[in-house]
Colleague: 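Right, I'll just put the structure down here and ask away after.
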Amino acid sequence: IPRRSLLAGASALPLVALRTRPSWAAEFSYKLATNLPAMHPLNTRNAEAAERIKAATGGRLEIQLFPNSQLGNDTDMLSQVRSGALEFFTLSGLILSTLVPLAAINGVGFAFKDSQQVFAAMDGDLGKLIRAEIAKRNIMAFEHIFDNGYRQITTSTRPIRTPEDLRGMKIRVPVSPLWTSMFRAFDSAPASINFNEVYSALQTKIVEGQENPLAIVEAAKLYEVQKYCSLTNHMWDGFWLLANQRAFSRLPKDVQEIASREFARAAKEQREDVAKLNAELREKLSTAGLQFNDTDPAAFRDALRKAGFYAEWKGKFGDAAWKTLEDAVGGLA
Ligand code: X2X
């Protein structure tokens, strides 16, 4: 095409754009933010979902991804999604619990036996209960939670082989009462730090260690500033995909349905990605220099029980919610 005719076409466009939205702009242009690096499956799968949503809605809903805490830390982004400044946001239920206390319940230490049990509960009655609580705020959670995974402890100072090894350890935890309470129960010295500051907190030795699933230890390159990785599997954590309630209800019904369908597919695919990563990363991260050890979960669970951790959180969540958890995982306290 000759250059001149392109320019001629372009100069004609503003006349049309005076009254209606330009033909190249989406009717709804929304943001989706996460705290994780772009390569983590939470982002790659949601990026694919955004593409499919754009195609299936004929371009009416365009979703732009902001990974890696680009729009602020989790605390900031949670206020943005509540106010509507941000339309979509993925957040750990445990951090969300600063607003919706029940959302921390899946993080109770050593509650779930395996991922199958996790997702049966989170796609079932337990998840339903949590989502109902979330919906009482200005936000909503899509049906299927994304996987963060079982959390492991990394440190620069010493491996964690027994619960006693956690005594006095300066360990970073996310900003969430349940996390702080759990590591206090182990007699550690937990420090609440948002994820976007974790790498530098480890690098500068503000804290000795942190805990996260292997997929994150890799994606955020935490192995560069940590020496040991102790496989404690001490809790399961997931990311709710949250939406600002008003922003979502503003979408036409068919667009809402397409978005829900594609996010559901993204969650299912993302769970498989994470399971695969967490299974293969021990070897890869060992090669990168991390020293791994296994642990006996029963010893850690006993330590929590003796410290009164389960009794305390049963009281906080209440008997009904605790029973829903125990119906899914068996007796806890
Ligand atoms: O902050 C963390 O450690 C992370 C990335 O796992 C969560 O979002 C809870």
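Atoms within each ligand, like the ligands themselves, are counted from 1 in listed order. Nothing fancy with the numbering, it's 1 onward along the sequence.
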Colleague: When you check the gap from the basic side-chain N to the acidic O, do K276 and D273 get nearer than 4.0 Å?
Modeller: no
Colleague: Evaluate the ring planes of F300 and F186, with Trp represented by its six-membered ring, and classify them as parallel (under 30°), tilted (30 to 60°) or perpendicular (over 60°).
Modeller: perpendicular
Colleague: Between D319 and K323, is the closest basic N to carboxylate O distance under 4.0 Å?
Modeller: no
Colleague: Hey, what polar pairs (N/O, under 3.5 Å) does ligand 1 make with protein?
Modeller:
residue  : atom  : partner : partner atom : Å
ligand 1 : 1 (O) : R172    : NH2          : 2.9
ligand 1 : 3 (O) : R151    : NH2          : 2.9
ligand 1 : 3 (O) : R172    : NH1          : 2.7
ligand 1 : 3 (O) : N212    : OD1          : 3.3
ligand 1 : 3 (O) : N212    : ND2          : 2.9
ligand 1 : 6 (O) : N148    : ND2          : 3.0
ligand 1 : 6 (O) : R151    : NH1          : 2.9
ligand 1 : 6 (O) : R151    : NH2          : 3.4
ligand 1 : 6 (O) : N212    : OD1          : 2.6
ligand 1 : 8 (O) : N35     : ND2          : 2.8

Colleague: For S69 and N35, test the side chains for any donor-to-acceptor distance below 3.5 angstrom and give the result as yes or no.
Modeller: no
Colleague: Just by distance, with hydrogens left out, do D147 and W236 show a side-chain donor and acceptor under 3.5 Å apart?
Modeller: yes
Colleague: Regarding E208 and S156, is there a side-chain donor-to-acceptor distance under 3.5 Å anywhere?
Modeller: no
